[in-house]
Amino acid sequence: MKILVVDDEKDVEILFRQKFRKEVKTQNLELVFAFSGQEALELLEQSDPPEVMYIFSDINMPGMTGLELLEKVKARFPQIKISMISAYGDTENYNKAINSGAKEFFTKPIDFNSLKEEISSLLN
């Protein structure tokens, strides 16, 4: 299963590779990274249909926000599941994300056990 992580903070890649080391090593999971909403869309458009099954996106990013990315992905690739993350667990962002079709909403710091459960439910 290919997962796309979208976050403007590049150190997130190191964290995800560390937390999912076992899943990547056993080839249950492939991680790809985009550092902007635009980069994420370009990556998705490289194959038809996209190889990505799940997107984990930050909400607060310069340029295209995670919520704007969510709307564009849901319009063009409705089969892709998306979860959002924010440093702020505010109700407004939560409601916007869920009402726009996000599968789940996480707050930072990420609870990786919950995220792994979320990913596991998609694999089954």
Side-chain angles (χ1 to χ4, degrees):
M1 177 170 156
K2 188 181 266 194
I3 292 178
L4 172 59
V5 180
V6 186
D7 198 314
D8 60 308
E9 295 177 33
K10 295 198 188 283
D11 58 346
V12 164
E13 180 175 355
I14 297 163
L15 180 65
F16 270 78
R17 290 203 184 280
Q18 192 177 52
K19 295 291 185 181
F20 288 99
R21 183 174 44 241
K22 188 172 76 181
E23 293 83 355
V24 170
K25 190 175 183 178
T26 58
Q27 297 182 339
N28 288 331
L29 216 55
E30 182 183 346
L31 296 173
V32 286
F33 296 86
F35 301 103
S36 70
Q38 187 60 44
E39 189 181 339
L41 287 176
E42 289 167 8
L43 206 141
L44 291 173
E45 291 168 348
Q46 287 177 358
S47 62
D48 186 22
E51 294 174 3
V52 171
M53 290 178 61
Y54 181 68
I55 297 173
F56 189 74
S57 177
D58 191 13
I59 285 181
N60 299 307
M61 296 184 291
M64 186 187 306
T65 68
L67 292 170
E68 291 168 328
L69 175 64
L70 171 65
E71 287 178 19
K72 289 178 190 249
V73 170
K74 281 294 167 192
R76 286 155 81 175
F77 313 106
Q79 75 281 14
I80 297 176
K81 305 285 185 243
I82 306 174
S83 289
M84 306 304 294
I85 183 164
S86 178
Y88 316 100
D90 64 278
T91 311
E92 185 182 349
N93 274 339
Y94 173 85
N95 288 337
K96 275 186 194 168
I98 298 301
N99 292 337
S100 297
K103 185 167 183 345
E104 194 60 65
F105 186 91
F106 294 86
T107 53
K108 292 180 181 178
I110 303 164
D111 177 349
F112 278 95
N113 289 330
S114 293
L115 180 57
K116 285 181 181 189
E117 287 173 18
E118 174 79 13
I119 291 167
S120 178
S121 75
L122 294 173
L123 288 170
N124 299 329

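In this chain, numbering begins with 1 at the start of the sequence shown. Just so we're clear, the structure is a prediction, and the values are computed from it rather than from any experiment.
We find the CE-CD distance between M1 and E23 to be 11.5 Å, quoted to the nearest 0.5 Å. Note that CZ of F56 and CD1 of I3 are 9.5 Å apart. Values are rounded to the nearest 0.5 Å. Here NZ of K2 is found 12.0 Å from CE of M53. Values are rounded to the nearest 0.5 Å. To the nearest 0.5 angstrom, S83 atom OG is 10.0 Å from I55 atom CD1. Within the model, atoms OG of S121 and CD of E104 stand 9.0 Å from one another, a figure rounded to the nearest 0.5 Å. Taking CD of E9 as the reference point, atom CG of N60 lies at 10.0 Å (rounded to 0.5 Å).
With hydrogens and angles disregarded, no donor-acceptor distance shorter than 3.5 Å links the side chain of S100 to the backbone of A97. For K19 (side chain) and K116 (main-chain N/O), no donor-acceptor pair under 3.5 Å exists by modelled atom type.
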(message) Between K72 and E68, does the salt bridge (Lys or Arg N to Asp or Glu O under 4.0 Å) criterion hold? Intermediate values first, please.
(response) CA-CA 6 Å; K72 289 178 190 249; E68 291 168 328; over 6 Å; no
(request) For the pair L44 and I80, evaluate side-chain contact (heavy atoms from CB on, under 4.5 Å) and give the outcome as yes or no after the intermediate values. (result) CA-CA 10 Å; L44 291 173; I80 297 176; 3.9 Å; yes
(request) Could you walk me through whether Y54 and E118 pass side-chain contact (heavy atoms from CB on, under 4.5 Å), step by step? (result) CA-CA 10 Å; Y54 181 68; E118 174 79 13; 3.3 Å; yes
(message) Between I119 and F20, does the side-chain contact (heavy atoms from CB on, under 4.5 Å) criterion hold? Intermediate values first, please.
(response) CA-CA 11 Å; I119 291 167; F20 288 99; 3.8 Å; yes
(request) Show the numbers, then the answer: is there a side-chain contact (heavy atoms from CB on, under 4.5 Å) between L70 and T65? (result) CA-CA 9 Å; L70 171 65; T65 68; over 6 Å; no
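Heavy atoms from other residues, nucleotides or ligands lying under 6.0 Å from CD of E51 number 12 at most. With a 6.0 Å radius and a threshold of 12 heavy atoms from other residues, nucleotides or ligands, F112 has its CZ atom above the threshold. When the shell of 6.0 Å around CD of Q79 is examined, it contains more than 12 heavy atoms from other residues, nucleotides or ligands. With a 6.0 Å radius and a threshold of 12 heavy atoms from other residues, nucleotides or ligands, Y94 has its OH atom at or below the threshold. More than 12 heavy atoms of other residues, nucleotides or ligands lie within 6.0 Å of CZ in R17, so this atom counts as buried by the packing criterion.
Both L67 and M61 are assigned to one and the same hydrophobic cluster, defined by single-linkage of ILVMFWY side chains at heavy-atom distances under 4.5 Å. A single hydrophobic cluster is seen to contain both L41 and L43, as judged by linkage of ILVMFWY side chains at heavy-atom distances under 4.5 Å, directly or through other members. Tracing side-chain contacts under 4.5 Å through hydrophobic residues (I, L, V, M, F, W, Y), one never reaches Y88 starting from I98; they form parts of separate clusters. A continuous path of Ile, Leu, Val, Met, Phe, Trp and Tyr side chains, each step under 4.5 Å between heavy atoms, connects F106 with L31, placing both in one hydrophobic cluster. Hydrophobic clustering of Ile, Leu, Val, Met, Phe, Trp and Tyr side chains at less than 4.5 Å, counting indirect connections, keeps V32 apart from L15.
Contact annotation: the side chain of P49 never approaches that of F77 to less than 4.5 Å [non-hydrogen atoms, C-beta and beyond]. You'll find the side chain of D58 stays beyond 4.5 Å of the side chain of V5, heavy atoms only. Using a 4.5 Å heavy-atom threshold, the side chains of D7 and F16 count as separate. Counting heavy atoms from C-beta on, the side chains of N93 and M84 never come closer than 4.5 Å.
For A40 against L4, the heavy-atom pair with the smallest separation is CB-CD2, 3.9 Å. Contact between L69 and G37 at its shortest, heavy atoms only, is CD1-O, 3.7 Å. Between G66 and S57, the closest heavy-atom pair is CA-OG, 3.8 Å.
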